[in-house]
Amino acid sequence: MTDKENLQELLNQDKLQHNNEEQPARDMETKELTADEAAAGLDTDNLDDLIKAAAAFGWAKKARDIVGIDLRNVSPVADYFLIMSGSNKPQLKAISDNIEEKLAEQGLKPLRIEGYREAEWILLDYGALVVHIFADEQRDYYNLERLWGDAPAYRFEPAQPV
């Protein structure tokens, strides 16, 4: 059995086990962001700046429910996951394209891109930061927020005009 099949089986077992359970609300700090500020002040060596910029670039293409998960003290997979949703395949691709293009303008290119053709779960791997762009059904199914429930999480929302 491959690693992918093992992960899928674990996810299926976990989903069955928790299918009827209420999921606890997760307390999350909200971080406000704007795309203009993100691009203007992006320090590519600063992980927090990179995360805020990627979230803002997703938000600029109407990504929804943007959540960051800090994995630095939990997993060697990555330092940070940034998770967001889109409504349809063209929108998921537009979100992915915008993040990739805007970060490339700052000299950052993803190490790997997965799922772009199918556009149900697009993964942009920047090493320390992995961006997950989900269709609603896949986000509900894989539920990375619960899978990494021990890690601190943050909700990103656009800054409100004053």
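Basis for what follows: all heavy atoms, side chains included, without hydrogens, waters or symmetry-related copies. Here the structure is a predicted model, which is why all the values come from computation and not from measurement.
The side-chain heavy atoms of Leu47 and Arg72, taken from C-beta on, include a pair separated by under 4.5 Å. With contacts defined as side-chain heavy-atom distances shorter than 4.5 Å, the pair Ile83/Glu145 qualifies. At a threshold of 4.5 Å between non-hydrogen side-chain atoms, the residues Ile133 and Lys93 do not count as touching.
Between the side chain of Asp70 and the main chain of Tyr80, no donor-acceptor pair closer than 3.5 Å is present. Panel note: side chain Gln91, backbone Lys61; a donor-acceptor pair is recorded below 3.5 Å.
Ring centroid separation for the pair Phe156 and Trp59 does not come in under the 6.0 Å cut-off.
A side chain to side chain contact (heavy atoms under 4.5 Å, CB included) with Leu129 is found for one member of Leu50, Asp79, Leu124 and no other, namely Leu50.
Residues satisfying the ring pair (Phe, Tyr, Trp, His ring centres under 6.0 Å) test with Tyr126, not counting sequence neighbours, are none.
Pairing each heavy atom of Leu71 with each of Ala151, the nearest pair is CD2-CB, 4.0 Å. Here the closest non-hydrogen pair linking Ser96 and Ile122 is OG-CG2, 3.6 Å.
Residues Val77 and Val74 share a single hydrophobic cluster, defined by chaining ILVMFWY side chains whose heavy atoms lie under 4.5 Å apart.
Aromatic ring orientation, His132 versus Phe81: perpendicular (interplanar angle above 60°, classes split at 30° and 60°).
Between the side chains of Ser85 and Arg139, a donor-acceptor pair is found at a separation under 3.5 Å.
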